[in-house]
Number of protein chains: 2
Amino acid sequence: MSLKHGLLGFLNYGPMTGYELKKLFDTSVAHFWNAELSQIYPTLKQLESEGLVEMKVKLQADRPNRKVYTITDDGRSELVDWLSRPADPDQVREPLMIKVFFGACVSKEQITRVLRHRIEQLLEMNARYERGCSVIQSFAAGVGLNREAFFWQLTIDVGVKHNEASIRWAEEAIERIDRLDASFFGTSPLHVGTMDVRRAVEILDRLKSEMPEGSFSAQAAGRTKE
Amino acid sequence: MSLKHGLLGFLNYGPMTGYELKKLFDTSVAHFWNAELSQIYPTLKQLESEGLVEMKVKLQADRPNRKVYTITDDGRSELVDWLSRPADPDQVREPLMIKVFFGACVSKEQITRVLRHRIEQLLEMNARYERGCSVIQSFAAGVGLNREAFFWQLTIDVGVKHNEASIRWAEEAIERIDRLDASFFGTSPLHVGTMDVRRAVEILDRLKSEMPEGSFSAQAAGRTKE
DNA sequence: TCCAACATGTAACCGGTTACATGATTCA
DNA sequence: TGAATCATGTAACCGGTTACATGTTGGA
């Protein structure tokens, strides 16, 4: 888990409470990382028990007391250490791709509708990203971290690029599906090919053994384990 | 969870065992979905208890008995139903982006090394994808599902496009970081700006209230819950 | 009057991974 | 002899989400 390191990263900017960390998360890294308070609080405790942060209770009369966490030297070096280590490949899990993978089970209209819906989502998301840019600039200026804003911007850039690529892919996919002969789908939406599984597995085994190594699968590319 | 629907999708091609499902997963959807046997077996049981699949034990003398699962009419209609529903936006969790976000904490060399490492991963992955294309073609031809192969191919295309976009982004990021003045990073790797958190949160609150709505965050774009 | 913000948490659940268990057969 | 394949599972754990609990203050 790298929530730990996300918390350390923010605490490196200055001491703060779990509640404040949640706010920062929501308005700065929400596009690639979500964190609930119910996960932040125990994680802070854990960081404390590992000596990576220190906690001081600030008594308050009118509001609940605040527990202010400060990063320690150990915490700082753990952070830098982690940041410098290369990251494992992200293992993805994309329900939309399952829908596309089995697209032949449904009609042209059904599958393209799903794709068009995704395009809408991506456009909306990119619009939000654009607004996010100005938020980052204003925030960085207001808080005096212009240097840091350069990197914050990079994480937005990659999201935008990703979404643009997805949109282009989806648009092309819709076009290609539209061009497909109607007979391609059969008359019934449940008209999908069947296969002899024993034979299929046989073929896969053969293909696999013909492959150089690692064959065709997403994972395994210098895993190091964090 | 859509492992359920992934299993249904494959069982729609023909009756098979958990062991065989695992093989198919590993050689066809591994690039966007992983499934362990220890998860497949209980999920099949669950599908059975929901009446979406049926199980028959095939006794074997020399090997352990096989439990062959067959999709039911209910299962088929649940599959088609699910496939036709638009997918929620993928919620992502990208450790690499945390590293970039806090890139100002480390040196130019450290952060660019991390990015170069990611580029290597992506290139290797795309090479695997290319091999994957021919696997899909051979497999589809061998098993007589050419129609379906069109959609299988689409799921590889999107992976390739994504990776290409990431590579371009990372290359540009490295260039831009390299061009940064050394003073940008300070002399010490731990030289990172600090901020007045109370003030930062104040600014965020103000920016948030100025924003139209939903402000800047990745989620929330017509969630429907599966 | 009622909801949002402040501020902290616990407990149950959920999807998924890792490790462990069993036991025969086949191939290097 | 020892690893890989066939074939099934259970149990512990892990990161994360949802729901629930508590109690004050300030604003619509």
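Just so we're on the same page: letters track the sequence lines, and every chain starts at 1. Small disclaimer: the values here were computed from a predicted structure and weren't measured.
Contact annotation: Thr17(B) side-chain N/O to dT8(D) OP1/OP2 distance is under 4.0 Å. OP1 and OP2 of dG9(D) both lie 4.0 Å or more from every side-chain N or O belonging to Tyr41(B). At the phosphate of dC6(D), neither OP1 nor OP2 sits under 4.0 Å from any side-chain N or O atom of Gln60(B). Using a 4.0 Å cut-off, some side-chain N or O of Lys67(A) falls inside it from OP1 or OP2 of dG9(C).
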Protein-nucleotides 13-16 of chain D N/O pairs closer than 3.5 Å?
residue	atom	partner	partner atom	Å
dG16(D)	OP2	Gln39(A)	NE2	2.4
dG16(D)	O5'	Gln39(A)	NE2	3.2
dG16(D)	O3'	Arg93(B)	NH2	3.2

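For the 3.5 Å distance criterion, the side chains of Asn126(B) and Glu124(B) fail to qualify, holding no donor opposite an acceptor. Side-chain atoms of Arg93(A) and Asn34(B) include no donor-acceptor pair closer than 3.5 Å.
Contact annotation for Lys45(B): backbone-only contact, meaning every heavy-atom pair under 4.0 Å involves sugar-phosphate atoms and none involves a base. Among the atoms of the strands shown, none is found under 4.0 Å from any heavy atom of Lys4(A). Among the atoms of the strands shown, only primed sugar atoms or phosphate atoms (P, OP1, OP2) are found under 4.0 Å from some heavy atom of Lys23(A).
Nearest approach of Ala200(A) to Val143(B), heavy atoms of both residues: CB-CG2, 3.8 Å. In terms of heavy-atom proximity, Lys58(A) sits nearest to Val68(A) at CG-CG2, 3.7 Å. Residues Gly14(B) and Met16(B) come closest through the heavy atom pair O-CE, 3.3 Å.
To the nearest angstrom, C1' of dT22(C) lies 15 Å from CG of Leu37(B). Atom pair Leu59(A):CG and dT24(D):P shows a separation of 17 Å (rounding to whole Å applied). Between the P atom of dT22(D) and the OH atom of Tyr19(A) lies a distance of 19 Å, rounded to the nearest Å. Atom-to-atom, CG of Leu44(B) to P of dG9(D) comes out at 9 Å; the value is rounded to the nearest Å. Rounded to an integer number of Å, the gap from Arg206(A) CZ to dT5(D) P is 17 Å. Spacing between atom CD of Glu20(A) and atom P of dA5(C) amounts to 16 Å, rounded to whole angstrom units. The CG-P distance, from Asn65(B) to dG9(D), rounds to 10 Å in whole Å. As rounded to whole Å, 15 Å separates atom C1' of dG9(C) from atom CD of Glu48(A).
We find that Lys208(A) and Asp26(B) are not joined by a salt bridge, their nearest charged nitrogen and carboxylate oxygen being 4.0 Å or further apart. Using a 4.0 Å cut-off between charged nitrogen and carboxylate oxygen, Asp205(A) and Lys23(B) count as a salt-bridge pair. Using a 4.0 Å cut-off between a side-chain N of Lys or Arg and a carboxylate O of Asp or Glu, Glu78(B) and Lys4(B) do not qualify as a salt bridge.
Rotation axes derived from the C1' atoms of the five outermost pairs at either end of the helix from dT1(C)-dA28(D) to dA28(C)-dT1(D) lie 30° apart, to the nearest 10°.
Partners of Ser84(B) according to the side chain to side chain donor-acceptor pair (under 3.5 Å) rule, which considers only residues two or more places apart in sequence or in another chain, are Gln110(A). Phe102(A) is linked by a ring-ring contact (aromatic ring centres under 6.0 Å, His included) to Phe10(B), Tyr13(B), counting only residues two or more places apart in sequence or in another chain. Here Tyr19(B) pairs with nothing under the ring-ring contact (aromatic ring centres under 6.0 Å, His included) rule; sequence neighbours left out.
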Encode nucleotides 23-28 of chain C as B, S and - characters from 5' to 3', where the letter depends on protein heavy atoms closer than 4.0 Å: B to the base, S only to sugar-phosphate, - to neither.
BSS---
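Candidate nucleotides dG9(D), dT8(C), dT18(D) were compared by shortest atom distance to the side chain of Ser38(A), and dT18(D) ranks first.
In this structure a side-chain-to-backbone donor-acceptor pair under 3.5 Å is missing from Arg116(A) to Ala170(A).
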